[in-house]
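I have placed the structure first, in the form of structure tokens, so that the comments after it can refer back to it.
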Amino acid sequence: MPLIDIHGADLAESEAVELQLAPDAKLEEIAPRLGGIGRIVVEFPKFRDGRGFTLARTLRERFGYKGDIRATGHFLPDQFVALVACGFTSFETPAEHVPAQFAAATAIRQPGQLLRRMVVRAREG
């Protein structure tokens with residue numbers, strides 16, 4: 001699956017310590033180790049599962065995580081703006097969507113009504 005990094009870094013060369021998180025991960029349990037983790041990969045097991053948004057937002061705002069947070073699994077190009085707003089910095093694009101669809105999503109300046117609601121919910125969450 002292709003990788004997209006919103007900061008333009010060469011992801012193939014990265015040797016960061018990586019942690020894979022399922023949507024039901026308990027962040028309090030991993031919080032003490034966050035300083036030694038360069039990348040956290042958040043799984044989206046199905047399109048309708050939005051818990052990954054909350055994980056990323058919590059990692060950034062509550063735990064102050066500064067490293068790469070990568071989305072992987074099933075997410076849509078239409079969700080790209082919300083993913084970035086919640087703290088994701090790289091993406092392993094799903095096979096169902098060609099990378100060009102996500103490249104087009106990066107040009108979106110104003111999210112649609114659904115994305116605005118998702119971002120508001122993530123902030124309130």
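Heavy atoms only: backbone and side chains are in, while hydrogens, waters and symmetry mates are out. Just so we're clear, the structure is a prediction, and the values are computed from it rather than from any experiment.
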From [X] [atom1] over to [Y] [atom2], what is the distance, rounded to the nearest 0.5 angstrom?
X     : Y     : atom1 : atom2 : value
Leu83 : Ser90 : CG    : OG    : 11.0 Å
Phe91 : Phe75 : CZ    : CZ    : 6.5 Å
Leu55 : Lys26 : CG    : NZ    : 9.5 Å
Leu59 : Leu19 : CG    : CG    : 9.0 Å

> Tell me, do Leu27 and Leu34 make a side-chain contact under 4.5 Å, heavy atoms counted?
Replying inline: no
> Under a 4.5 Å cut-off applied to non-hydrogen side-chain atoms, are Ile30 and Ile37 in contact?
Replying inline: no
>> Suppose we screen for side chain to side chain donor-acceptor pair (under 3.5 Å). Which residues come up paired with Glu28, at least two apart in sequence or across chains?
In response: Arg62
Contacts under 3.5 angstrom, residues 41-53 side chains, donor-acceptor by atom type, not counting sequence neighbours:
{"from": "Glu43", "atom 1": "OE2", "to": "Gln20", "atom 2": "NE2", "distance (Å)": "3.1"}
{"from": "Asp49", "atom 1": "OD1", "to": "Arg51", "atom 2": "N", "distance (Å)": "3.1"}
{"from": "Asp49", "atom 1": "OD1", "to": "Arg51", "atom 2": "NE", "distance (Å)": "3.0"}
{"from": "Asp49", "atom 1": "OD2", "to": "Arg51", "atom 2": "NE", "distance (Å)": "3.3"}
{"from": "Asp49", "atom 1": "OD2", "to": "Arg51", "atom 2": "NH2", "distance (Å)": "2.7"}

>> Show the nearest heavy-atom pair for residues Phe88 and Ala71, with the distance to one decimal.
In response: CD2-N, 3.4 Å
> Do you know the tightest heavy-atom contact between Asp68 and Tyr65?
Replying inline: O-OH, 3.5 Å
>> Tell me which one of Arg60, Arg70, Lys66 satisfies side chain to side chain contact (heavy atoms under 4.5 Å, CB included) with Thr89.
In response: Arg60
